Amino acid sequence: MILEALHFTAALATSSRRKPGEIAGSVGLWSRARRCRKAWGPHEENCQAFVEEKVGQLVDRRSVAVLGSGLLHEVPLEFLAKSFQKVTLYDLVHLPSARMKVRRLGRDNVRLVERDLSGGLGFLMDDGAPDLVVSACLLSQMALNAPEPAAVVRGHLADLLGGPWMPCLITDTAYEIRNRKGEVVATRDLLGGEPPPPAFRAWDWTVAPYGEAARETETVHRVIAV
Ligand SMILES: C[S@@+](CC[C@H](N)C(=O)[O-])C[C@H]1O[C@@H](n2cnc3c(N)ncnc32)[C@H](O)[C@@H]1O
């Protein structure tokens with residue numbers, strides 16, 4: 001609790017948006033990621049490997065934009081900073097822990113931008129289109145908070161997959177709550193009823209292992225990489 005309170009206070013002081021609700025959400029994510037480090041590890045490795053695979057397919061590596069960069073657990077930050085001339089990280093909030101991670105790289109080609117991404121991706125063209133745009137487990141979160149989740153999902157997919165860049169979409173699409181016998185006791189779609197695009201890779205992510213959200217159930221998200 002004390003660590004969370006300190007992180008919240010420091011984040012409020014360094015944030016350009018200074019929105020307490022958004023910062024509290026990010027601190028909650030940071031705290032959950034610490035508690036669930038072991039359960040989230042394979043998912044984070046899969047995400048990083050997929051981003052590296054995408055970079056391997058690129059000829060031009062001037063600029064990359066990461067959308068929903070958050071805690072920087074799902075993106076291979078050092079690899080991106082070495083591979084591209086310019087790396088721009090976008091999220092509602094960049095916590096001090098993420099800022100430190102960027103500072104520790106000791107490179108001046110990584111920029112952090114706090115911005116609401118639910119209004120579309122047209123702004124990416126302002127500085128010239130990036131060569132690669134990575135949407136890193138952002139889509140379901142935007143949908144969750146939107147009054148019209150399906151519209152946000154449709155808009156993000158159209159912008160990301162239709163832009164003049166190589167798209168890299170990683171998103172959870174649905175979750176299952178399972179009991180200790182492995183039986184599914186509940187399911188939920190996370191894309192507002194919109195069909196997910198065909199995936200190159202897919203895996204399960206145990207977002208809440210037993211004991212995190214409930215003692216007798218775990219919550220497992222389905223993740224796709226496009
Ligand atoms: C599951 S987390 C992603 C974690 C991150 N990719 C990482 O590597 O640690 C979802 C992120 O989406 C961000 N987010 C949610 N809604 C957003 C919005 N409307 N605009 C920008 N970022 C948003 C949250 O702040 C959070 O950092």
Side-chain angles (χ1 to χ4, degrees), residues 7-8 11-12 14-37 39-52 54 64-81 87-102 110 112-124 132-149 151-153 155-157 159-160 168-175 190-192 203 205-208 212 219 221-225:
H7 214 140
F8 178 88
L12 195 58
T14 50
S15 163
S16 57
R17 291 168 59 80
R18 297 181 68 86
K19 301 223 171 172
E22 293 174 359
I23 293 171
S26 288
V27 172
L29 175 71
W30 172 77
S31 196
R32 261 194 324 283
R34 278 163 59 92
R35 287 195 303 276
C36 303
R37 187 176 298 154
W40 290 16
H43 160 73
E44 291 170 359
E45 281 168 22
N46 286 338
C47 292
Q48 296 205 16
F50 188 71
V51 175
E52 290 188 13
K54 282 278 180 176
V64 56
V66 179
L67 313 175
S69 45
L71 308 173
L72 298 172
H73 287 182
E74 294 160 345
V75 282
L77 180 64
E78 190 169 0
F79 173 77
L80 292 180
V87 180
T88 312
L89 307 172
Y90 295 93
D91 202 293
L92 286 175
V93 179
H94 288 112
L95 291 179
S97 52
R99 293 178 188 277
M100 284 279 284
K101 202 167 171 180
V102 170
V110 183
L112 296 139
V113 179
E114 290 188 333
R115 178 179 185 112
D116 186 343
L117 299 165
S118 60
L121 302 182
F123 68 90
L124 286 175
L132 175 68
V133 179
V134 180
S135 174
C137 294
L138 162 75
L139 184 56
S140 64
Q141 288 297 303
M142 283 199 305
L144 197 69
N145 299 323
E148 287 188 56
V152 167
V153 170
H156 188 73
L157 291 178
D159 282 2
L160 179 70
C168 174
L169 170 70
I170 303 175
T171 184
D172 41 0
T173 57
Y175 68 72
L190 291 169
L191 298 185
W203 59 86
W205 171 20
T206 305
V207 168
E212 173 63 21
T219 306
H221 288 221
R222 189 67 180 156
V223 180
I224 60 164

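When a ligand or atom number is given, it counts from 1 through the structure's own listing order. Bear in mind the structure is a predicted one, so any value in this text is a computation, not a measurement.
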Side-chain donor/acceptor of Asp172 to backbone N/O of His221, under 3.5 Å: no

Exam field: side chain Glu44 to backbone Leu72, donor-acceptor pair closer than 3.5 Å: no

How would you list, by chain and number, every residue that makes a side chain to side chain donor-acceptor pair (under 3.5 Å) with [X], sequence neighbours excluded?
X: His43; result: Glu74, Trp203
X: Glu212; result: Arg35
X: Ser118; result: Asp116

Passing option when Val153 is tested against Leu139, Leu190, Thr173 for side-chain contact (heavy atoms from CB on, under 4.5 Å): Leu139

Every residue of the protein that comes under 4.0 Å of ligand 1, judged on heavy atoms: Ser26, Leu29, Gly68, Ser69, Gly70, Leu71, Leu72, His73, Glu74, Asp91, Leu92, Arg115, Asp116, Leu117, Ser118, Ala136, Cys137, Leu138, Gln141, Met142

